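Some notes on the structure that comes next.
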Amino acid sequence: QVQLVESGGGLLQAGDSVRLSCAASGRTFSTYSMGWFRRAPGKEREFVATINWSGDSTYYADFVKGRCTISRDNAKNMVYLQMNSLKPEDTAVYYCAARYGGRSVYPDDFDFWGQGTQVTVSS
């Protein structure tokens with residue numbers, strides 16, 4: 001079992017940067033691939049970024065490529081999502097998720113989810 005708690009969201013302005021954090025419980029955290037997803041108002045949940053268990057393989061959604069970095073610190077049981085040049089369309093609840101296995105872009109592949117952190121970007 002893995003419990004995930006996101007933090008770092010808030011009210012931001014277009015062009016700002018934000019670093020979201022995800023704290024994971026459990027001694028087997030380093031065996032899980034991790035992902036960040038988001039759900040905007042009135043929209044389906046969508047993939048943002050994913051990272052494998054060791055942190056040496058990442059993949060991003062097209063809409064964040066070049067302005068987003070996912071990283072992890074297995075010693076601290078933490079995953080991070082750094083987002084730069086924020087846009088109003090980045091407004092969403094951002095969720096951290098964990099899965100046992102390789103990285104994935106599909107929400108259904110993930111076994112554990114956090115409660116989410118709200119990111120609101122004003123123009």
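Predicted, not measured: the structure shown is a model, and the values here were computed from it. All values below come from the heavy atoms of this structure, side chains included, with hydrogens, waters and symmetry mates left out.
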Hydrophobic side-chain clustering at under 4.5 Å (ILVMFWY, transitive links): who's grouped with Y59? Put none if nobody.
F37, F47, V93, Y95, V105, Y106, F110, W113
Whether the S17 and N84 side chains hold a donor-acceptor pair (N or O, under 3.5 Å, no angle test) is what I'd like checked.
yes
OG (S30) and CH2 (W53) are apart, to the nearest 0.5 Å, by 7.0 Å
Going through the distances and angles, do D90 and R67 end up as a side-chain contact (heavy atoms from CB on, under 4.5 Å)?
CA-CA 12 Å; D90 291 321; R67 60 186 187 99; 2.8 Å; yes
Please find the pair of heavy atoms, one from S123 and one from P88, that lie closest to each other, and give the distance.
CB-CG, 3.8 Å
Under 3.5 Å donor-acceptor, D73 side chain and N77 backbone:
no
The test is side-chain hydrogen bond (donor to acceptor under 3.5 Å, both in side chains); show your working for E89 and T91 and say whether it passes.
CA-CA 5 Å; E89 50 264 44; T91 295; over 6 Å; no
What residues join L86 in its hydrophobic cluster, counting side-chain heavy atom gaps under 4.5 Å, either direct or through other members?
V2, L4, L12, V18, L20, F29, Y32, M34, W36, V48, I51, Y60, F63, V64, I70, V79, L81, M83, Y94, Y100, F112, V119, V121
So E46 and R38, side-chain contact (heavy atoms from CB on, under 4.5 Å) or not? Walk me through it.
CA-CA 5 Å; E46 63 181 351; R38 71 184 188 185; 2.7 Å; yes
Does K65 have more than 12 heavy atoms from other residues, nucleotides or ligands lying within 6.0 Å of its NZ?
yes
Counterpart residues, side-chain contact (heavy atoms from CB on, under 4.5 Å), relative to S71 (two or more places apart)
Y80
Keeping E6 on the side-chain end and C96 on the backbone end, is there a donor-acceptor pair under 3.5 Å?
yes
Given 3.5 Å as the limit, does a donor-acceptor pair link the side chain of Q3 with the main chain of S25, or not?
no
In the structure I gave you, are the side-chain heavy atoms of T117 and S7 within less than 4.5 Å of one another anywhere?
no
Under 3.5 Å, is there a donor on one side chain and an acceptor on the other for R103 and S57?
yes
Is the shortest heavy-atom distance from the side chain of R99 to the side chain of S104 under 4.5 Å?
yes
Closest approach of M78 to S21 (non-hydrogen atoms, all atoms of both residues)
CE-CB, 3.7 Å
